[in-house]
Peer 1: 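Let me give you the structure first, and then I'll get to my questions.
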Amino acid sequence: MHLLLRTLLVLFRSRRRPKLGFFDSSSLPMRVLPTDIDIAMHLNNGMYLSLMDLGRFDLMVRSGFWESMRRNGWSPVVGNETISFRKSLQLGQRYTIETKVIGFDDRASYIEQRMVADGEIYARAYIAARFVSKKGPVSNEDIFKAAGVLPPSDLVLPEWVRQWRADGALPSTRRPAPHIWA
């Protein structure tokens, strides 16, 4: 429940923060709260990805894409994500969630996110997400049109990201995905 309230707070506050371009990086200031920690008194590993949702919301709101997305009836859906941890964020510690779109392919938008404190990366995640409507997946062309911008010419999705997505993908919902251990 606390993340629902924090989400609403981020959506409200982000509207009053400086505007960003769709391909700019967002920096969302945060603090580790008692509801974020585990028995080891540091940010619980499961909370990192949940909190990173807030960073993506901040970027969408501040770039104006949130309004276009909602007006079109689109929803963001995560298909793949991976995270690496370097240091633990401690109770009460201030940090930022850094968010940047790093590329696109015909199936997803790719985002890199970092938890940063004192100028150092504590954790880094890569997210493959897509936007869906009642009619199905939203095309990149429609996304760029709604964002009011084309991707920068130097925005090239790294090959390792494509491979990561392919290697970690599950079958489509139209194909069986039986539970059999290899």
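Positions are given from 1, in the same order as the sequence printed here. Values below: every heavy atom of this structure, side chains too, minus hydrogens, waters and symmetry copies.
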Peer 1: Do Arg86 and Arg114 touch side chain to side chain, with heavy atoms closer than 4.5 Å?
Peer 2: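 No, side chains not in contact.
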Peer 1: Show the nearest heavy-atom pair for residues Ser14 and Val61, with the distance to one decimal.
Peer 2: CB-CG1, 3.6 Å
Peer 1: Gln113 and side chain to side chain contact (heavy atoms under 4.5 Å, CB included): which single residue from Asp53, Leu59, Ile97 fits?
Peer 2: Ile97
Peer 1: State plainly whether one hydrophobic cluster holds both Leu9 and Met60, where clusters connect Ile, Leu, Val, Met, Phe, Trp and Tyr through side-chain heavy atoms under 4.5 angstrom apart.
Peer 2: no
Peer 1: I need the minimum non-hydrogen distance between Ser26 and Arg62, along with the two atoms involved.
Peer 2: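 Smallest interatomic distance, heavy atoms only, reads OG-NH1, 4.0 Å.
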Peer 1: If hydrophobic clusters are built from ILVMFWY residues whose side chains come within less than 4.5 Å, do Val149 and Tyr110 share one?
Peer 2: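 No; tracing contacts between hydrophobic side chains, which count when under 4.5 Å, never links both residues.
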Peer 1: What closest approach, in Å, do Ala146 and Ser68 show between heavy atoms, and which atom pair accounts for it?
Peer 2: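 Heavy atoms of Ala146 and Ser68 come nearest at O-OG, 3.0 Å.
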Peer 1: Considering only heavy atoms from C-beta outward, does the side chain of Asn72 approach that of Lys145 to under 4.5 Å?
Peer 2: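 Sidechains of Lys145 and Asn72: no contact.
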Peer 1: In terms of the angle between their ring planes, are Trp181 and His179 parallel, tilted or perpendicular, with boundaries placed at 30° and 60°?
Peer 2: perpendicular
Peer 1: First locate atom CD1 of Ile127, then atom CZ of Arg165, and finally report the distance between them rounded to the nearest 0.5 Å.
Peer 2: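 Going from the CD1 atom of Ile127 to the CZ atom of Arg165 covers 12.0 Å.
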Peer 1: Is the closest side-chain heavy-atom distance between Arg17 and Pro29 below 4.5 Å?
Peer 2: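 Contact flag for Arg17/Pro29 side chains = yes.
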Peer 1: Please round to the nearest 0.5 Å and tell me the distance separating atom CE of Met47 and atom CG of Asp38.
Peer 2: 10.5 Å
Peer 1: Mind checking whether Ile83 and Phe57 sit in one hydrophobic cluster, side chains of I, L, V, M, F, W, Y counted as touching below 4.5 Å?
Peer 2: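 Yes: a chain of side-chain contacts under 4.5 Å links Ile83 to Phe57.
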Peer 1: Any donor-acceptor pair under 3.5 Å linking the side chain of Arg31 with the backbone of Gly92?
Peer 2: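 Between the backbone of Gly92 and the side chain of Arg31 there is a qualifying donor-acceptor contact (under 3.5 Å).
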Peer 1: Determine the minimum heavy-atom distance between Tyr95 and Met115, stating which atoms define it.
Peer 2: CE1-SD, 3.6 Å
Peer 1: Before accepting this row, confirm whether a basic side-chain N of the pair Arg162/Glu159 lies closer than 4.0 Å to the acidic partner's carboxylate O.
Peer 2: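 Here Arg162 pairs with Glu159 in a salt bridge, since their nearest N and O are under 4.0 Å apart.
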Peer 1: Quick check: do Arg6 and Asp36 have side-chain heavy atoms less than 4.5 Å from each other?
Peer 2: yes
Peer 1: Look at the aromatic rings of Phe144 and Phe23 and report parallel, tilted or perpendicular, splitting at 30° and 60°.
Peer 2: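 Aromatic pair Phe144/Phe23 classed tilted.
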Peer 1: What closest approach, in Å, do Gln90 and His42 show between heavy atoms, and which atom pair accounts for it?
Peer 2: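 In terms of heavy atoms, the two residues are closest at NE2-CB, 3.8 Å.
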Peer 1: Would you mind reporting whether Tyr122 and Leu43 have side-chain heavy atoms less than 4.5 Å apart?
Peer 2: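 A side-chain contact under 4.5 Å is absent here.
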Peer 1: When rounded to the nearest 0.5 angstrom, what is the spacing between CZ in Arg70 and OG in Ser75?
Peer 2: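 One gets 5.5 Å once the value is rounded to the nearest 0.5 Å.
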Peer 1: Could I get the full list of salt bridge (charged side-chain N to carboxylate O under 4.0 Å, His left out) partners for Arg124, not counting sequence neighbours?
Peer 2: none
Peer 1: Output, in order, the C-alpha distance, side-chain angles, deciding distance and verdict of side chain to side chain contact (heavy atoms under 4.5 Å, CB included) for Lys87 and Asp118.
Peer 2: CA-CA 12 Å; Lys87 285 185 166 183; Asp118 301 319; over 6 Å; no
Peer 1: For Phe65, what residues pass the ring-ring contact (aromatic ring centres under 6.0 Å, His included) criterion, not counting sequence neighbours?
Peer 2: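 With neighbours one apart ignored, the set is Phe22, Phe131.
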Peer 1: For the pair Thr99 and Asp58, evaluate side chain to side chain contact (heavy atoms under 4.5 Å, CB included) and give the outcome as yes or no after the intermediate values.
Peer 2: CA-CA 9 Å; Thr99 304; Asp58 181 65; over 6 Å; no
Peer 1: So, using salt bridge (charged side-chain N to carboxylate O under 4.0 Å, His left out) as the criterion, who are the partners of Glu141 when residues are at least two apart?
Peer 2: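 Not a single residue meets the salt bridge (charged side-chain N to carboxylate O under 4.0 Å, His left out) criterion with Glu141.
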Peer 1: Distance check, rounded to the nearest 0.5 Å: Thr82 atom OG1 versus Asp167 atom CG?
Peer 2: 11.5 Å
Peer 1: Return the NZ to CG distance between Lys100 and Leu155, rounded to the nearest 0.5 Å.
Peer 2: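 The distance works out to 7.5 Å.
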Peer 1: When hydrophobic residues are tied together by side-chain contacts of less than 4.5 Å, even through go-betweens, does Val138 share a cluster with Leu150?
Peer 2: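 The answer is yes; both residues are in one hydrophobic cluster.
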Peer 1: Group every Ile, Leu, Val, Met, Phe, Trp and Tyr by side-chain heavy-atom contacts under 4.5 Å, then state whether Val116 and Val32 land in the same group.
Peer 2: no
Peer 1: Could you measure the distance from the CE atom of Met52 to the CD1 atom of Ile111? Nearest 0.5 Å is fine.
Peer 2: 11.5 Å
Peer 1: Donor-acceptor pair, distance only, cut-off 3.5 Å: does the side chain of Ser133 make one with the backbone of Lys135?
Peer 2: yes
Peer 1: Taking the side chain as every heavy atom from C-beta outward, state whether Asn44 and Ile39 have any atom pair closer than 4.5 Å.
Peer 2: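 No, every pair of side-chain atoms sits at 4.5 Å or beyond.
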Peer 1: Determine the minimum heavy-atom distance between Ala125 and Leu49, stating which atoms define it.
Peer 2: CB-CD2, 4.0 Å
Peer 1: Would Asn80 and Tyr126 count as a side-chain hydrogen bond (donor to acceptor under 3.5 Å, both in side chains) if you check the C-alpha gap in whole Å, the side-chain angles of each, and the deciding distance to 0.1 Å?
Peer 2: CA-CA 8 Å; Asn80 296 62; Tyr126 294 94; over 6 Å; no
